[in-house]
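What follows is one structure encoded as structure tokens, with my remarks underneath.
Numbering starts at 1 and runs along the sequence shown.
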Amino acid sequence: MPNILITGGAGFIGSHTCSVLIEAGYDIIVFDSFVNSSSTSLQRVKEITGLNDTKDDLRLKIVQGDVRNKEALDSVFKMAAQRGQPIEAVIHFAALKSVSESIKDPLNYWDVNVNGSGCLFSTMNSNNCRTLVFSSSATIYGAQKRSPITEECIIQPINPYGNTKAAVEKMLLDV
């Protein structure tokens, strides 16, 4: 099974994704700063999936790091390759996620969400990893008049958080 890197894997959606993938037989590397999450969620993943903390059980590797740090990201890719299990795919959840906080501190949101994503994509490229699942947000669609919101709706975010998610989507279209 492929080795999958999950950025922001200790968050709510990330930790649930880890559980499902481990139960499906995948090996996981979680890269998380723990700014919006706790390592406790990953301990629960281990309990749920029956993993233990022995050196023999490398199904879930946890690396604390900031997605804006290219050197730290690159070392994770290199470590996986040296173990003979290169990272073949990335699921990218790492982001700041509060609309109200994004209004108070938009520059931080642009730095973490957009610059961090750029660092990740650049690192993936230099390590020949081309498979990505990006966790966007319905906030990119702003206040729509129709419901339910579909992917055919116009992208028109109304807050800095939504703007950063839409910007990453545009970046992905270019790369």
Just checking [X]: does its [atom1] atom have more than 12 heavy atoms from other residues, nucleotides or ligands closer to it than 6.0 angstrom?
X	atom1	result
I13	CD1	no
R83	CZ	yes
I154	CD1	no

side-chain hydrogen bond (donor to acceptor under 3.5 Å, both in side chains) partners of residues 6-16, not counting sequence neighbours, each pair once: T7-H92
Would a 4.5 Å heavy-atom cut-off, applied to side chains only, mark [X] and [Y] as touching?
X	Y	answer
S102	T164	no
V30	V63	no
V168	S136	no
S98	Y161	no

Hey, could you give me the [atom1]/[atom2] distance between [X] and [Y], rounded to the nearest 0.5 Å?
X	Y	atom1	atom2	answer
D105	D111	CG	CG	9.5 Å
L5	I91	CG	CD1	9.0 Å
Y26	E88	OH	CD	9.5 Å
D32	L42	CG	CG	7.0 Å
I6	K61	CD1	NZ	15.0 Å
I62	I28	CD1	CD1	11.5 Å

Return the minimal non-hydrogen interatomic distance between [X] and [Y], and the atom names on each side.
X	Y	result
A72	N69	N-OD1, 2.9 Å
M171	F121	SD-CD1, 3.6 Å
P157	G162	CB-C, 3.4 Å
S38	A10	O-CB, 3.7 Å
V45	C18	CG1-CB, 4.1 Å
T131	M124	O-CE, 3.5 Å

Would you say [Y] ends up clustered with [X] if hydrophobic residues are merged whenever their side chains have heavy atoms under 4.5 Å apart, either directly or through other cluster members?
X	Y	value
V67	V90	yes
I4	V20	no
V175	F77	yes
L73	L132	yes
L21	F12	yes

Short side-chain donor-acceptor distance under 3.5 Å, D66 and S33: no
Side-chain cluster (under 4.5 Å, hydrophobic types only) that I155 belongs to, other residues: I140, Y141, I149
Has [X] got a side-chain atom pairing as donor or acceptor with [Y]'s backbone, closer than 3.5 angstrom?
X	Y	result
N159	S100	no
R68	N115	no
R59	I22	yes
S117	N113	yes

Test side-chain contact (heavy atoms from CB on, under 4.5 Å) applied to W110 and N163, step by step: CA-CA 9 Å; W110 279 89; N163 285 330; 3.7 Å; yes
Step-by-step side chain to side chain donor-acceptor pair (under 3.5 Å) determination, Y109 to E101: CA-CA 9 Å; Y109 271 68; E101 187 178 277; 2.9 Å; yes
Q144/Q156 under side-chain contact (heavy atoms from CB on, under 4.5 Å): CA gap, chis, key distance, verdict: CA-CA 9 Å; Q144 294 288 322; Q156 51 187 14; 3.6 Å; yes
Side-chain ion pair, D74 and K78, N-O less than 4.0 Å: yes
Evaluation steps, side-chain contact (heavy atoms from CB on, under 4.5 Å), between V76 and I87: CA-CA 9 Å; V76 170; I87 295 168; 3.9 Å; yes
Verdict with reasoning, Q85 to D27, per side chain to side chain donor-acceptor pair (under 3.5 Å): CA-CA 9 Å; Q85 291 183 292; D27 293 334; 2.5 Å; yes
Pair listing, salt bridge (charged side-chain N to carboxylate O under 4.0 Å, His left out) test, anchored in residues 153-169, at least two apart: none
Test side-chain contact (heavy atoms from CB on, under 4.5 Å) applied to M79 and I29, step by step: CA-CA 11 Å; M79 171 209 52; I29 301 172; 4.0 Å; yes
